[in-house]
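Reading through the structure tokens given below for one structure.
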Amino acid sequence: MTTTHHARAAELVSQLTLDEKLLLLSGVNMWETAAVGAIPSTFLANGPVGVGKQASAGDHVGGGEMLPATCFPSPSVLASTWDVELVEEVGVALGRESRSKGVGVLLGPGLNIKRHPGGGRVFEYFSEDPYLSGKIAAAAVRGVQSQGVGSSIKHFAGNNQETFRMRLDSIIDERTLREIYLTGFEIAVTESEPWTVMTSYNLVNGEYPGESHRLLAQILREEWGFTGLVMSDWFAVSDRSTGISAGLDLEMPGNGGLWTGRVKKALEDGTLPLTAVDAAATRVAALALRAASESAGAAVTADLDAHHALARRAAAAGTVLLRNDGILPLRAKGTIALIGAGAKTPRYQGVGSASVNAITVETVLDALPTRLGDSAEFTYVRGYDAQSGAVSAEDSKAAQAAAEAADVAVIILAIPAGKEAEGVDREHLAFPPAMNELVRAVTAANPRTVVVLVNGSPLELPWAEEPAAILEAYLGGQAAGPAIVDVLFGDAEPGGRTAESFPVVAADLPSAANFPATTPTQVQYRENLYVGYRFHDTFGIAPRFPFGHGLSYTTFEYGALDLSGEGVDRTITVSVTNTGDRAGSEVVQLYVHATGSSVHRPEQELKAFAKVHLAPGETRSVSLTLGHRSFAIYDVGSSEWAAEAGEYEIRVGSSSRDIRATTTIRFDIGETVTPVARPVAAVATSAEFARLLGRSVPIAKELLPFSLNSPVADLPSTWLGRRLHGVLLGVITKQLPAGGDEDTQAMIHAVVGGMPLRALSANSGGRLSLDTMDRIVSVLNVASPHARRARRAAKH
Ligand code: BGC
């Protein structure tokens with residue numbers, strides 16, 4: 001936060017009464033902060049793919065009516081561009097649209113690590129790699145904030161699954177937490193200074209992040225130097241006064257002063273110092289003053305046509321050519337069989353709070369005739385049902401016949417929407433079996449078949465060797481249709497490289513042993529550092545498509561590596577030549593491999609990258625910089641980042657598995673690290689996990705007795721709870737937006753089931769105070785088998 005706003009905010013807050021200060025610490029409704037005296041209110045709206053501003057108070061998961069906004073490609077696509085300049089440009093457009101709608105803070109980007117591709121929100125996150133996630137997030141934040149609108153990087157921290165998301169305790173050892181799960185946030189905070197950070201729903205090692213002094217005060221503020229505001233995720237607050245003490249400034253959404261009584265009591269009994277309230281109120285006021293001053297002046301309008309064009313460009317730039325036997329780019333000649341309901345009823349964004357009411361949506365079926373004109377013919381058959389993925393005998397027959405009769409078949413293979421949504425994790429990574437069969441049948445009918453994947457996360461592709469080409473288009477936003485056509489015909493290159501590994505089968509992944517949860521109240525990250533390519537490369541389990549992979553329509557040659565600098569501060573320079581006859585871009589990736597180390601380390605880790613655009617025949621020299629953190633591990637013994645002296649191999653290439661040049665760096669002065677052996681297998685045993693944690697593996701909390709933190713979905717575990725469950729669901733459902741499609745409704749119900757009882761109080765419009773909820777919980781517990789058992793035990 002700027003010092004002027006902070007100083008003015010402190011002055012204004014010093015003149016407020018306690019009640020006024022407390023008013024500032026919560027929203028006034030679903031989206032706005034409180035206006036108090038000279039302190040204005042600020043409007044918050046969901047990002048990260050577009051401005052999700054609801055038309056009325058609405059709900060927090062995207063079910064209510066929303067104002068139209070440009071729907072940009074999903075974060076999976078943005079990360080696959082590996083293009084920080086382009087992502088920043090998208091950020092600028094998002095910032096501009098936010099300004100034009102009076103939004104002061106855009107809630108995004110989300111940069112949780114894709115620990116397992118089955119996470120319900122992985123479409124909304126960037127990568128399995130913290131360095132790439134952090135760099136892309138920082139670019140997005142810089143873009144948005146350049147327009148005088150704040151960003152909120154989320155969800156801090158350890159929120160890597162949706163199941164039981166509001167009460168799951170993520171058990172993560174310190175080194176893994178630092179190296180894998182916090183590094184992206186650290187990069188975003190230190191490189192782009194986001195105005196705000198949003199804490200996550202789950203607990204991390206026994207504490208809610210929004211109540212964790214260690215995460216908020218020590219790591220975020222003290223170590224990383226964050227000066228902005230920390231807000232809760234919606235309904236995430238479990239104990240407001242502990243949160244204020246730890247540094248959770250703003251509770252969202254507003255709840256009519258639900259916690260005021262308890263916060264005052266904590267002030268009276270001295271458990272909460274008034275200075276903590278002042279600090280939080282000052283940060284809320286500073287945010288509001290900053291948002292107001294940055295948006296002062298003439299009204300801003302957004303050029304929506306330009307944004308649509310940008311969305312199209314970004315979608316193509318993030319499209320990954322996974323496989324190509326030379327069929328792509330297609331020639332606009334002869335006949336083309338376009339197969340797949342996704343061409344007509346597109347999936348272009350994920351389900352949940354990140355969804356946007358797109359201004360317009362262009363489909364493949366809209367774009368193809370324009371591109372072909374009279375030069376080629378095409379036939380369209382739906383192939384499958386867009387909603388369910390079902391393939392009727394008739395669909396299959398028509399698809400095969402169309403493919404057989406055509407020169408080329410293009411299947412738009414879109415996973416049904418309900419499979420990827422906020423609030424629920426995927427049960428598996430498979431397409432509906434009938435869709436897999438459809439691909440096989442079409443490929444058999446015409447080997448010149450191109451499959452275009454439309455999905456939010458890597459899926460198992462058992463037929464991957466069969467089609468002539470596979471394009472991963474992900475969820476490409478409102479201009480995904482023309483972007484796919486651009487790439488198919490080579491009007492745009494497939495600019496993407498995977499920002500995540502595609503496993504052959506999900507069961508290969510060590511996280512699968514504890515995904516989505518270990519018990520209903522705990523998830524143990526026993527795979528520790530071995531997420532994504534760190535696992536595949538260290539344990540020798542080949543992925544289907546590796547991290548950083550993506551083919552081009554041209555070819556690139558790498559020169560030898562040139563090294564300069566000393567110690568840990570090095571620059572690696574490499575020349576890259578476009579040796580083909582088309583323009584194209586290459587993502588130069590640098591991985592560091594520690595040759596010998598006293599601690600276990602992944603085989604290699606991404607430490608630098610650069611995207612270069614080259615004309616045919618052009619050569620460019622690319623410089624990549626390394627520093628202390630490129631070599632360091634987080635040493636749990638000293639609680640410091642430590643780079644051991646020794647030898648490191650520098651691998652530079654076109655993907656994690658396509659290394660084109662290597663060199664060795666040695667430095668003799670380094671820090672001592674505490675030796676740690678690697679768990680024998682990729683999933684640590686209980687003893688190994690305890691060793692990594694430095695304590696015994698915490699025992700998972702029981703579901704009973706109920707508490708304010710028990711989710712609604714737990715209630716049916718007792719009989720009285722079952723009866724209350726029905727009543728509560730009835731009441732809540734009445735308040736929910738009835739609109740939206742089936743998938744949105746299913747997602748809303750999953751979210752409600754996961755809500756803790758305290759969140760129901762917060763959502764009750766003052767009808768269910770915390771004291772009332774406490775009484776309900778006591779009654780439920782008196783009648784619970786747990787309590788009966790305890791009473792019986794007491795008698796004996
Ligand atoms: C999501 C956040 C979102 C918030 C407001 C929550 O359910 O986790 O990402 O910003 O709702 O809609």
Side-chain angles (χ1 to χ4, degrees), residues 26-27 29-33 42-67 69 74-75 94 98 103-112 119-126 137 140 144 150-168 185 194-202 208-210 229-237 250-255 349-357 421-425 711 732 736-737 740 744 747-756 759-760 762-763:
S26 298
N29 54 31
M30 194 59 84
W31 303 114
E32 284 166 287
T33 64
T42 309
F43 202 102
L44 319 172
N46 268 319
V49 303
V51 186
K53 187 171 181 185
Q54 284 187 326
S56 56
D59 67 304
H60 69 299
V61 282
E65 199 194 326
M66 279 193 276
L67 302 179
S74 71
L94 286 170
S98 302
V103 168
V105 175
L106 194 65
L107 305 172
L111 63 148
N112 297 87
R121 282 181 102 169
V122 301
F123 66 85
E124 222 187 299
Y125 299 143
F126 293 126
V144 170
S151 282
S152 191
I153 57 169
K154 63 190 188 182
H155 309 87
F156 185 68
N159 182 192
N160 309 95
Q161 47 272 313
E162 294 299 285
T163 308
F164 309 125
R165 67 174 177 169
M166 293 189 83
R167 68 107 171 275
L168 205 61
F185 284 98
W195 293 12
T196 78
V197 168
M198 187 192 292
T199 58
S200 59
Y201 285 127
N202 54 287
Y208 289 98
L229 168 138
V230 178
M231 72 175 83
S232 70
D233 197 345
W234 268 233
F235 303 107
V237 165
L250 175 66
E251 172 193 24
M252 284 306 291
N255 49 41
Q349 63 175 339
V351 176
S353 61
S355 56
V356 167
N357 178 9
E422 177 172 345
V424 277
D425 293 305
I732 306 166
L736 292 173
T744 304
M747 177 270 304
I748 288 175
H749 284 94
V751 165
V752 168
M755 274 185 145
L760 296 191
N763 209 9

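Ligands are counted one by one from 1 in listed order, and the atoms in each one are counted from 1 as well. Keep in mind that this is a model prediction, so the values were computed, not measured.
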Next on the checklist: For Arg165, state whether at least one heavy atom is located under 4.0 Å from any atom of ligand 1.
Outcome noted: yes
Checklist entry - For ligand 1, is Phe235 a contact, meaning one of its heavy atoms is under 4.0 Å away? => result no
Under 3.5 Å between any N/O of [X] and any N/O of ligand 1: does that happen in this structure?
X: Tyr201; value: yes
X: Glu124; value: no
X: Trp31; value: no

Report, in ascending order of atom number, the atoms of ligand 1 lying under 4.0 Å from any heavy atom of [X].
X: Lys154; answer: 2 (C), 3 (C), 9 (O), 10 (O)
X: Glu422; answer: 1 (C), 6 (C), 7 (O), 8 (O)
X: Met198; answer: 10 (O)

Checklist entry - Would you call Ser355 and Met66 a side-chain contact if the rule is heavy atoms closer than 4.5 Å? => result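 In short, these two side chains touch, coming nearer than 4.5 Å.
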Item to check | Leu44, Leu250, Asp233 screened by side-chain contact (heavy atoms from CB on, under 4.5 Å) with Met198, the one that passes | outcome: Asp233
Checklist entry - Is His155 touching ligand 1 with its side chain, its backbone, both, or neither, if touching means heavy atoms under 4.0 Å apart? => result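 Under 4.0 Å from ligand 1, His155 contributes side-chain atoms alone.
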Checklist entry - Side chain, backbone, both or neither: which part of Gln54 comes within less than 4.0 Å of ligand 1 when only heavy atoms are counted? => result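 It is neither part, as no heavy atom is under 4.0 Å.
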Checklist entry - Mind checking whether Phe156 and Phe185 have parallel, tilted or perpendicular rings, split at 30° and 60°? => result perpendicular
Item to check | Least distance between heavy atoms, Val103 atom then Lys53 atom | outcome: CG2-CD, 3.8 Å
Item to check | Minimum heavy-atom distance between Val751 and Gly423, given as atom pair plus value | outcome: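 Closest approach of Val751 to Gly423, heavy atoms only: CG2-CA, 4.1 Å.
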Next on the checklist: Please enumerate all residues that pass side-chain hydrogen bond (donor to acceptor under 3.5 Å, both in side chains) together with Ser74, with sequence neighbours excluded.
Outcome noted: none
Next on the checklist: Can you list everything that forms a ring pair (Phe, Tyr, Trp, His ring centres under 6.0 Å) with Tyr208? Sequence neighbours excluded, please.
Outcome noted: none
